[in-house]
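Whatever order the structure lists them in is the order used to number ligands and atoms, beginning at 1. All residue numbers refer to positions in the sequence shown, counting from 1.
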Amino acid sequence: MNVKMDSLPWHFFILFLHILLSTVSSSACSLENKQALLQFKSSVIRDPASASFSGDQSWNSSSVCCSWEGVRCRNQLVTELHLTNVFTGYNTKALSNLFLIKSLTLLNASSSFLHGEIPANNLSSLSKLEYLDLSSNHINGSIPDQLFSLPNLKHLSLQSNRLSASSNASSHGFIDSRLEYLDLSFNNFNGPIPFQVYNLTNLKYLALSGTHLSGSLRSNIGSLLRLEILNLEDNSLHGSLPPEIGKLQKLRILLLSSNNFSGEIPNSISNLTQLKKLDISYNNLFSVIPESIGELRNISDILLNQNNLTGGIPMSMQELSKLESLDLNGNSLSGYIPTILFELNRLKILNLAGNSLSWNSTAKISPTCLFSELYLKSCRIIGEIPRWLSGQKDLQNLDLSNNMLSGEIPSWFAELRIQSIILSDNKLTGKLPPSLFESQILSFLDLSINMLEGELPKNIGNASSLEGLLLSSNSFHGPLPESMSNLLYIWMLDLSYNNISGNILHSLIPGLNYLDLSSNNFSGQLPVELTSMDSLKVLELHDNRLTGELPVSFSKISCLQVLNVRNNNIGGLIPASLAELSKLWFIDLSHNKLTGEIPTELGDLPYLQYTHSNESYFSDYFLSGQSEYYNQHLIIDWKGSVIDVTGSRANLFMTLDLSNNQLSGGIPASLGNLRALKSLHLSFNELTGGIPAELGRLENIESMFLSNNKLTGEIPQTFVELRELTTLDLSNNKLVGQIPTGGQMSAMTDPSSYVNNSDLCGFQIGVQCKSVSPSGGLQGSSNTGDEGDEWLSWEATAVGYSVGFFLAIGIAYFIGIFHPKSRQ
Ligand SMILES: *[C@@H]1O[C@H](CO)[C@@H](O)[C@H](O)[C@H]1NC(C)=O
Ligand SMILES: *[C@@H]1O[C@H](CO)[C@@H](O)[C@H](O)[C@H]1NC(C)=O
Ligand SMILES: *[C@@H]1O[C@H](CO)[C@@H](O)[C@H](O)[C@H]1NC(C)=O
Ligand SMILES: *[C@@H]1O[C@H](CO)[C@@H](O)[C@H](O)[C@H]1NC(C)=O
Ligand SMILES: *[C@@H]1O[C@H](CO)[C@@H](O)[C@H](O)[C@H]1NC(C)=O
Ligand SMILES: *[C@@H]1O[C@H](CO)[C@@H](O)[C@H](O)[C@H]1NC(C)=O
Ligand SMILES: *[C@@H]1O[C@H](CO)[C@@H](O)[C@H](O)[C@H]1NC(C)=O
Ligand SMILES: *[C@@H]1O[C@H](CO)[C@@H](O)[C@H](O)[C@H]1NC(C)=O
Ligand SMILES: *[C@@H]1O[C@H](CO)[C@@H](O)[C@H](O)[C@H]1NC(C)=O
Ligand SMILES: *[C@@H]1O[C@H](CO)[C@@H](O)[C@H](O)[C@H]1NC(C)=O
Ligand SMILES: *[C@@H]1O[C@H](CO)[C@@H](O)[C@H](O)[C@H]1NC(C)=O
Ligand SMILES: *[C@@H]1O[C@H](CO)[C@@H](O)[C@H](O)[C@H]1NC(C)=O
């Protein structure tokens, strides 16, 4: 006993010393580990792609390796390596040195600009590895099967790389895998879901989104019984959803959106009692929403939008007492909108837009939920704006557009704290309640296409948060309120198709991106203040009574893309400085009183000089809007029709229209540089001289109107190069000689395109040329060939008629991006 008592302090001392040493010298690590780390470092440094080594100073052979940046040890063995901020930009080969550290439990080299393939060498020695994160690098090649054989690996993150599908060599490693977390999203597995995945039965988290997967989701998914989160979004998976999904009873989040799944939502989904979020939006589901959906008592988000679901909204949904958001937008649902939806206490976001639903807004309902977002666009709602909305104190976004709402805009709207109100395309009458504009929260108001009338309220400028105001196609009259210029945050103002009069000065707010005042009664001179609007991208002033001249300093509006002042009384010269607007691609100055010559400089318009085939236009169009639609779409007025020219569709509408003015002089040869141009209109002017042969370089031109001028000489032979030409009008000039044959010119056989000229001939108009014209433009007389052959062959050529432009407009019509703006 005594002996023990005596020796105890010693034991304590030794123990204490041991603890002290292992703490103080925790920075010591085994020689083997140190060598592996140094070899890793030297192969990183040797890599020519290696960029910066913020932490490598500490990785130095004369210091102890457990103190190096990113290195963690336990019992003098390296266990964790956090390399993200230590080394960047090296080949993954270097990692194989680290694979020799058998004690490693964690390796994190995410976001490190790694390139190359994951080395399979020595990988299987990592028997203690639990956590591997190589996400957000540039790793390519396939995933070595050895990774899945690591007996302790639980967490594997390889998302955002360039990996392709795992080799098929062996799958038995997967069977014993302990993997619980697998994120392979944003890689390049072109092909089916790797079959090995179905054997990873310990998985709780599986993410394969954005990996270019195709094929179907196999019923084996039902063997992943521990799965809590499954994310297969953004692939090309097709086929129906296997009923075995219902076996995954621990599932909390199921994300299948943006695939091509078809068929029905399996009834077995009712087994997923833990499910909180279900997203199958953007697929091809048809059939009805199963009644069994009412069993998902724990669900808070259901997103089934953009499918083709039919039938009614199931009554069983009244059981979903935890539902917070329901998006059924863009399906083919029918029947009445059931009252039960308004009695789901927690529902905040409801989107039923774009179905075949209907609703009588006078139906007596007293919602027990407080919506924050309510979208009932195109729900065939009849009646007045429902009174119960006045109790919706949390409402931020309201869209009731494209319905049959009648009556006046209630003044209690102003008491709500709504940010975005969209009531366009209804039958609303009466005046704009001034109280609406006392809101300091309202940022987007769209009341277009209604039957509203009266003057714009004087206090419009009090709505200090307003970013978008769209009042087009109503019957507003009177002048612009002075206070309008107080709307400092406004980027979109559309007052088109009303009867507003007076001058436009108060609408010239410097921050505007989009200003549409067209088809009103505005008069007075174009104010010079116009040129201080340096954010303006679209300026639509057509069909008014504006006078004055285009300011010489127009070039200050440097972002301008669309300029339309058609049908006003604008005189003076066309400012040559227009050509400095580097983004301008739509110019309509027609039906005015412009005089002088067409500036040669217009041929320098930068944007129209090159074909922008795959460019996406205006993706950055409006940055801060409330309404997604207006955020992403650019709408222009093209010859009286409203057209959405978002994306590369803008290519179809590249226009220069100077017709119906009093322009004189010749057509500048420089216009031949505008190779992106689709239509050129110079008709009804007093242009003289010949048609420049250079116009034959307009390789994208589809319509060209030069009629009703005083043009002389021959039609240039170069016109046979205009491969896209579908419409040509040269009538009412003084042209002579043979109409060129060949290319699309052989298809331009409408005689009215050539009437009232001096002496034209050619098979197109059925007038035989008396003698073969010796001057054939740039092409010489190569096309003069055998007249008889031409007479026979022109009809055959016409079959090859290019229909690009009008076909595009036709399609636009069908897919609904093309609709008349005025109600009349
Ligand atoms: C290694 O680090 C120590 C102290 O941090 C320093 O004194 C020494 O110069 C370094 N050696 C090299 C080769 O960088
Ligand atoms: C791995 O590194 C990434 C990026 O630095 C970080 O977000 C993540 O939390 C790290 N993981 C662990 C377990 O430290
Ligand atoms: C590591 O891999 C290399 C190359 O395959 C091999 O020569 C070496 O023996 C391996 N080292 C260990 C410790 O497994
Ligand atoms: C991986 O990328 C490198 C270039 O970074 C390339 O040489 C190699 O062939 C690629 N490997 C695979 C399997 O694609
Ligand atoms: C792996 O794929 C190749 C060709 O893709 C095939 O020849 C081979 O039989 C496959 N191996 C296994 C084990 O499936
Ligand atoms: C592994 O997956 C394959 C195909 O998915 C399946 O046939 C096999 O039964 C699975 N093996 C185990 C042990 O789960
Ligand atoms: C759903 O759950 C029931 C009872 O728990 C079970 O009998 C049935 O097989 C499950 N359905 C599916 C498709 O897993
Ligand atoms: C989706 O399916 C439809 C018809 O089933 C097909 O036309 C379409 O090409 C498919 N899309 C993809 C991306 O697989
Ligand atoms: C909802 O989830 C909780 C906990 O996740 C669970 O205890 C409960 O049984 C679930 N409710 C239903 C109706 O299954
Ligand atoms: C949607 O389903 C209906 C009825 O099944 C069908 O007539 C229609 O063509 C489908 N629409 C689309 C876009 O697939
Ligand atoms: C709409 O509902 C009201 C009140 O319930 C009723 O009087 C009216 O007839 C209904 N209108 C239509 C078209 O069903
Ligand atoms: C609102 O506008 C009116 C008229 O412009 C002005 O007299 C009034 O002071 C404004 N109210 C507020 C709160 O700014």
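A salt bridge is absent between Lys250 and Glu228: the closest approach of a Lys/Arg side-chain nitrogen to an acidic carboxylate oxygen does not fall below 4.0 angstrom.
Distances from atom 11 (N) of ligand 4 to the protein include at least one heavy-atom value under 4.0 Å. Within the 4.0 Å cut-off (strictly below), a protein heavy atom is located near atom 14 (O) of ligand 4.
In summary, the side chains of Asn97 and Ser43 do present a donor paired with an acceptor at a separation below 3.5 Å, with no hydrogens or angles considered. Looking only at atom types and distance, the side chain of Asn161 has no donor-acceptor partner in the side chain of Asn187 under 3.5 Å away. Checking Lys247 against Asn271 by side-chain atom types alone, no donor-acceptor pair falls below 3.5 Å. Tyr375 and Glu373 share a donor-acceptor pair across their side chains, judged by distance under 3.5 Å alone.
The distance between the ring centers of Phe261 and Phe286 does not fall below 6.0 angstrom.
With respect to atom 4 (C) of ligand 2, the closest heavy atom belonging to the protein is Ser110 OG, 3.1 Å. Among protein heavy atoms, the minimum distance from atom 1 (C) of ligand 4 is reached at Asn140 ND2, 1.5 Å.
Inclusion of Tyr131 in the set of residues having an N or O under 3.5 Å from an N or O of ligand 2 is warranted. Ligand 2 has no N or O atom lying under 3.5 Å from any N or O atom of Ser111, backbone or side chain.
Every atom of ligand 2 is numbered from 1 in the order shown, and the set under 4.0 Å from a heavy atom of His82 is 14 (O). Listed by number with element, the atoms of ligand 4 under 4.0 Å from a non-hydrogen atom of Glu117 are 11 (N), 12 (C), 13 (C). The atoms of ligand 2 that sit less than 4.0 Å from any heavy atom of Asp133 are 1 (C).
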Would you check, one step at a time, whether the test ring pair (Phe, Tyr, Trp, His ring centres under 6.0 Å) holds for Phe113 with Phe87? CA-CA 9 Å; Phe113 296 94; Phe87 296 99; over 10 Å; no
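Nearest-heavy-atom check against atom 5 (O) of ligand 2 across Thr84, Leu83, Asn108 picks out Thr84.
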